[in-house]
Number of protein chains: 2
Amino acid sequence: MPRPRSLTLEQLALAALAVIDRDGLAGLSMRTVAKELAMSPMGLYRYVADREELEGLVVDRVLGAVDATPPPADTPWQERVETMAGRLRDAVIRHPGAIPLTVIHRHHAAAGLRWSETVLGILAEGGVDDVRRVVALRALHAYVTGAIQLEHLGALSGDGTAVIANLPKDRFPLLAETARTAGAVGPDEEFFGGLRLILRGLAD
Amino acid sequence: MPRPRSLTLEQLALAALAVIDRDGLAGLSMRTVAKELAMSPMGLYRYVADREELEGLVVDRVLGAVDATPPPADTPWQERVETMAGRLRDAVIRHPGAIPLTVIHRHHAAAGLRWSETVLGILAEGGVDDVRRVVALRALHAYVTGAIQLEHLGALSGDGTAVIANLPKDRFPLLAETARTAGAVGPDEEFFGGLRLILRGLAD
DNA sequence: CTGTTGAGCATACGCCGTACGCTTACGTGT
DNA sequence: ACACGTAAGCGTACGGCGTATGCTCAACAG
């Protein structure tokens with residue numbers, strides 16, 4: 001009966017993502033998102049209860065882009081887990097500014113549950129059972145979450161590594177040497193290399 | 001010649017940490033820290049350039065509590081890595097409110113470098129070389145960082161797991177079943193269980 | 001005792017999230 | 001065709017944030 005809404009929640013999420021992609025997470029505010037939608041700041045509160053809920057919409061949108069359909073079953077199960085981890089990483093890295101939000105709000109995003117369900121299916125087919133499967137899923141979550149953040153805060157081939165390489169060799173001999181090696185390790189080699197450690201550890 | 005400073009950087013860090021421990025990270029502001037020190041807000045700027053630098057002091061303090069001396073060499077090297085990871089986790093978890101800060105600022109904390117140096121030494125003694133050592137250290141960082149955050153955002157034995165356990169079984173059969181198993185997995189079993197996956201994957 | 005230096009403070013500005021209450025466009029029932 | 005009820009969207013305001021700017025005055029060197 002009353003006036004119909006002029007926006008969808010998806011449009012809100014898209015506007016917020018546009019702000020984040022353009023000005024970074026620090027540029028995100030109710031006011032900037034409202035401006036992006038040619039709306040008044042208080043108008044947003046007809047759609048979300050508070051800023052946190054808006055952030056949740058953004059995360060839903062980012063993680064919703066992850067393809068959760070099980071990869072073809074004709075490849076080894078470890079490789080299928082790698083595929084799933086890679087898909088998640090790709091989707092998240094497409095919006096680097098939103099990474100802290102995805103960490104905080106992933107719990108409440110339905111897309112995250114679908115990803116987990118698929119990964120659990122693959123683990124089950126790989127013969128990982130019960131408690132081991134719980135621990136494995138949780139470890140994969142922890143690793144992927146941490147690796148993406150580390151990659152975003154400073155890639156192994158970035159400036160931070162160069163700084164470490166110049167550390168005093170008497171106090172940090174291994175670190176300095178390792179940093180020089182690290183400069184040559186690309187992001188993919190780093191991410192999937194670490195992931196394979198977990199997957200090898202899962203085999204029995 | 002002029003008036004001497006009345007505080008040390010350590011006192012700043014302690015005051016900020018006290019605020020965080022009492023009121024959470026959201027309660028941290030230049031004003032609340034100043035109040036904690038019975039100072040005016042602008043007085044803090046004689047010690048730090050901005051809020052970010054103050055956060056760095058907090059992280060230095062938190063990670064400075066980590067014992068970085070190499071564990072006794074008479075235990076298997078994997079076990080020594082577990083010890084180091086456990087020490088880091090213990091120190092960080094002592095101040096849960098500061099966890100997001102430790103993630104953001106760990107790069108610039110000297111204590112983090114000492115931890116890495118020790119872990120690299122253990123890995124070297126375990127026969128992990130060159131690129132494999134780089135990848136291993138980075139994976140350990142990623143895992144520990146991610147696991148601590150996950151644990152803080154919601155332990156496996158917490159409410160979130162119960163919610164997941166009640167998910168519709170037709171759409172999330174494995175997830176719902178797994179969640180029921182997960183309720184019985186304690187934080188230590190979860191943390192070290194995942195860690196051991198990486199360490200097993202490192203063996204050859 | 002005096003001069004110099006910087007420690008600490010008071011004020012102010014432009015942001016932020018959001019509580020509150022109004023106006024007004026709209027779909028409906030007559 | 002028209003009046004009505006509803007909620008969409010807006011204007012204003014408040015308390016809090018980080019911090020730029022410029023002052024006062026405590027403490028020591030000579």
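Every chain is numbered from 1 and lettered A, B, ... according to where its sequence line falls, protein lines coming before strand lines.
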S.K.: Atom CZ of B/R51 to atom P of D/dG18: distance rounded to whole Å?
M.R.: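 Atom CZ in B/R51 sits about 5 Å away from atom P in D/dG18.
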S.K.: May I ask you to decide whether B/R180 forms a salt bridge with A/D130, counting only side-chain N to carboxylate O separations under 4.0 Å?
M.R.: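 A/D130 and B/R180: not salt-bridged.
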S.K.: What string of B, S and - do you get for nucleotides 20-30 of chain C, 5' to 3', when a contact is any protein heavy atom under 4.0 Å?
M.R.: B----BBBS--
S.K.: Between B/R87 (side chain only) and B/E82 (backbone N and O only), is there a donor and an acceptor less than 3.5 Å apart?
M.R.: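 Here the side-chain-to-backbone pair does not exist.
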S.K.: Compute the angle between the rotation axes at the two ends of the helix from C/dC1-D/dG30 to C/dT30-D/dA1, each taken over five pairs, rounded to 10 degrees.
M.R.: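 End axes: 10° apart.
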S.K.: Heavy atoms from C-beta onward define the side chain here; which of C/dT18, D/dT19, D/dC17 lies closest to that of B/P41?
M.R.: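 Of the options given, the side chain of B/P41 lies nearest D/dT19.
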S.K.: Just to verify, which of B/V58, B/V62, B/L88 counts as forming a side chain to side chain contact (heavy atoms under 4.5 Å, CB included) with B/T102?
M.R.: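 Among B/V58, B/V62, B/L88, the one that satisfies the side chain to side chain contact (heavy atoms under 4.5 Å, CB included) with B/T102 is B/V62.
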S.K.: Do any side-chain atoms of residues 49-57 of chain B form donor-acceptor pairs under 3.5 angstrom with protein atoms, and if so which ones, sequence neighbours left out?
M.R.:
| unit_1 | atom_1 | unit_2 | atom_2 | d |
| --- | --- | --- | --- | --- |
| B/D50 | OD1 | B/E52 | N | 3.3 |
| B/D50 | OD1 | B/E53 | N | 3.1 |
| B/R51 | NE | B/E55 | OE2 | 2.9 |
| B/R51 | NH1 | B/L28 | O | 3.0 |
| B/R51 | NH2 | B/E55 | OE2 | 3.4 |
| B/E53 | OE1 | B/A49 | N | 3.4 |
| B/E55 | OE1 | B/H105 | NE2 | 2.8 |

S.K.: Taking the side chain as every heavy atom from C-beta outward, state whether A/E10 and A/R61 have any atom pair closer than 4.5 Å.
M.R.: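 Yes; the side chains approach each other to less than 4.5 Å.
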S.K.: Determine the minimum heavy-atom distance between B/P71 and B/I122, stating which atoms define it.
M.R.: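 Nearest heavy atoms, B/P71 then B/I122: CD-CD1, 3.9 Å.
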S.K.: How long is the line joining NZ of A/K35 and C1' of C/dC16, in whole Å?
M.R.: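 For the pair A/K35 NZ and C/dC16 C1', the rounded distance is 13 Å.
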S.K.: With a cut-off of less than 4.0 Å, is there a side-chain N or O of A/S6 near OP1 or OP2 of D/dG9?
M.R.: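 Checking D/dG9 against A/S6, a side-chain N or O does come within under 4.0 Å of OP1 or OP2.
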S.K.: Donor-acceptor pairs under 3.5 angstrom involving side-chain atoms of residues 166-178 of chain A: please list them, not counting sequence neighbours.
M.R.:
| unit_1 | atom_1 | unit_2 | atom_2 | d |
| --- | --- | --- | --- | --- |
| A/N166 | ND2 | A/A162 | O | 3.3 |
| A/E177 | OE2 | B/R133 | NH2 | 3.4 |
| A/T178 | OG1 | A/L174 | O | 2.6 |

S.K.: Could you tell me how far apart A/L7 (CG) and D/dC10 (C1') are, to the nearest whole angstrom?
M.R.: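 One finds 14 Å between C1' of D/dC10 and CG of A/L7, rounded.
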S.K.: So, does B/S40 get its side chain near the phosphate of C/dG8, meaning an N or O under 4.0 Å from OP1 or OP2?
M.R.: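 Indeed not, no polar side-chain atom of B/S40 lies that close.
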S.K.: Determine whether the side chains of B/T145 and B/R106 contain a donor N or O and an acceptor N or O closer than 3.5 Å.
M.R.: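 Side-chain D/A pair, B/T145 to B/R106: present.
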S.K.: How many Å lie between CG on B/L54 and P on D/dG18, as a whole number?
M.R.: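 That distance rounds to 9 Å.
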S.K.: Can you tell me the distance, in whole Å, between the CD atom of A/E53 and the P atom of C/dG17?
M.R.: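 So the two atoms are 15 Å apart, to the nearest Å.
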S.K.: Should the pair A/R138-B/E189 be classified as a salt bridge under the 4.0 Å nitrogen-to-oxygen rule?
M.R.: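 Salt bridge absent between A/R138 and B/E189.
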S.K.: So, is A/Y47 close to the D/dG9 phosphate, meaning a side-chain N or O under 4.0 Å from OP1 or OP2?
M.R.: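 Checking D/dG9 against A/Y47, a side-chain N or O does come within under 4.0 Å of OP1 or OP2.
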S.K.: May I ask you to decide whether B/R196 forms a salt bridge with B/E79, counting only side-chain N to carboxylate O separations under 4.0 Å?
M.R.: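 Salt bridge: no.
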S.K.: Within residues 97-107 of chain A, find the residues that approach DNA chain D with a heavy atom at under 4.0 Å, and present them sorted by residue number.
M.R.: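 DNA chain D contact set from residues 97-107 of chain A: none.
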S.K.: Given atom OH of A/Y45 and atom P of D/dA8, what is their separation to the nearest angstrom?
M.R.: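 For the pair A/Y45 OH and D/dA8 P, the rounded distance is 17 Å.
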S.K.: Taking side chain to side chain contact (heavy atoms under 4.5 Å, CB included) as the definition, give me every residue that meets it alongside B/R3, ordered by chain and number, with sequence neighbours left out.
M.R.: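 Scan of B/R3 (side chain to side chain contact (heavy atoms under 4.5 Å, CB included), adjacent residues dropped) gives none.
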S.K.: Quickly work out the B/D50 CG to D/dA20 C1' distance and round it to whole Å.
M.R.: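 About 13 Å, once rounded to whole Å.
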S.K.: Can you tell me the distance, in whole Å, between the CZ atom of B/R5 and the P atom of D/dA26?
M.R.: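 These atoms are roughly 19 Å apart.
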S.K.: Using modelled atom types only, decide if a donor and an acceptor are shared between the side chain of A/W115 and the backbone of A/M84 within a distance under 3.5 Å.
M.R.: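 Such a contact is found between A/W115 side chain and A/M84 backbone.
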S.K.: Could you please name the option among C/dT18, D/dG9, D/dG18 that lies closest to any side-chain atom of B/M30?
M.R.: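 Of the candidates, D/dG18 comes closest.
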